[in-house]
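Counting starts at 1 for both ligands and their atoms, following the listed order.
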Amino acid sequence: MSHPAKTSTTPKLEPAIIVIFGITGDLSARYLLPSLYHLIKDSLLHEQTEILGITRGDTTTEELFQKVELCVNEIDKVCDPDALAAMHEHTQMFQMDLDDAKAYEKLRQKLDAIEEQKGVCMNRLYYLSIPPQAYLSVIKLLGSADLNDSCQHNKASTRLLVEKPFGFDTASAQGLINETSKVFDEGQVFRIDHYVAKETVQNILVFRFNNPIFEALWDKDHIASIDIAAYGKIGIEGRALFYEPLGALRDLIQSHLLQILAIITMDQPDVLDSEHIHAAKQAALDKVQPVPADQVSELAVRGQYEGYRDEVKNPNSTTETYASITVYIDSPRWQGVPINISTGKALNERKTEVTVTFHNPPDPNSNRLRFRIQPNEGIELDLVTKKPGYVQELQTTAMDFTYLNDFARDGHPSAYERVLVDAVRGDHTLFATSEEVLASWRVVQPVLDVWSKQSDDLLAYKQGSGGPV
Ligand code: BG6
């Protein structure tokens, strides 16, 4: 095999102030700060970039970096002293009470002062890494303090980055979208779905549309079923406040996994650019049939791992830590093909993958195409082959593309690095539009409604097992 290829390069970014609301939180420690460290280490951010961490308390930068494993994404897990020093130099903390309108005035002065000191216009990114219940109030207060304005510093852009969940059901998502649009234009809003930013998920589009041999088979006449699964070994790991009002259906299926479904089933756009990809995804999601309320007991399963209730200190919790639904697409291309979507925590394996099973294989295990999103990212096709020897014995083997074999290990951006770079350069392709978010809520809404009224179908499962039986 040839040498692993280098990954593609990144365009030069503009100077930016990345304002992180909730910098001391779990998401920031796990994903954002290690990603920012890596981007700084690889000199991908403009040298004038500044990170402003918003915190209620009086945590200093030193204290923050002592608690966070900044170099967890590095191959050797070792920090580079120069990169670390640069990260310190470009990060500062700003203490404010998120409910205090006056604090937002001070924030504006702070941002103006940073720009003045640097002598350049900077893109301003407000990253909401805070409990979703607080989004609306923060967005409104940003607006009241004119922090939404793109023109205050001439040329640069102001952007809002929001983590999922966007709302808790169809109605609240619509409310959040309406209220946000009074403060930020749709073009300023970047709704993060970090699964879409994972390399293998992006590769699904390239695989489908640049290898016509597969696109020719991409319909109900050739595909029997599609399985989209995201399983984790870990539980909720202390995130009770975040997880308890959500559950697995809202946390992963409504967002990440329905985005993947759209990418797997959408029609080929005329051009592979942001506008056309979003239009094609939107059309795909609009055709997904919401799970019918009277079929929820057949088409949806939920479970909760044993010990969860103690963890969240709620003996009556009915929050599901495992969920699966089967949906169908109402289109001539996909009529009758079941799409099974499942996710769970505290299971016996960590695996996120999409399996496309073709019709009538000679061996039931053959002719499956698998997109391995994590771990061991790659794409594999199961094929029946003859075992070497004098007798006609068959065996299923895989034709396997594995990132680790074909690409250099260190050139592969993590999903959050990609999210941050794309937000700084204003590329919306990998972010969810308001219409996609609403279409996804509509698919799961009947299940949410039925589950909110009953709980006798919540199945207990053992931690470390394969999920509810
Ligand atoms: C988040 C969910 O969006 O994705 C978490 O809120 C989940 O519950 C996480 O564990 C999984 O992300 P990844 O990239 O580690 O698979």
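- Heavy atoms from other residues, nucleotides or ligands lying under 6.0 Å from CD of Glu69 number 12 at most.
- Counting only N and O atoms by type, the side chains of Glu163 and Ser129 include no donor and acceptor under 3.5 Å apart.
- Contact annotation: the side chain of Tyr37 never approaches that of Val68 to less than 4.5 Å [non-hydrogen atoms, C-beta and beyond].
- In terms of the side chain to side chain donor-acceptor pair (under 3.5 Å) criterion, residue partners of Lys281 (sequence neighbours excluded) are, by chain and number, Gln259.
- Closer than 4.0 angstrom to ligand 1 lie heavy atoms from Tyr31, Lys164, His194, Tyr195, Lys198, Arg239, Phe242, Asp251, His256, Lys345, Gln374.
- Every residue two or more places apart in sequence or in another chain that forms a side-chain contact (heavy atoms from CB on, under 4.5 Å) with Thr433 is listed here: Glu186, His278, Gln282, Glu435, Glu436.
- Ala323 pairs by the side-chain contact (heavy atoms from CB on, under 4.5 Å) definition with Ala248, Leu249, Ile253, Glu320, Trp451, not counting sequence neighbours.
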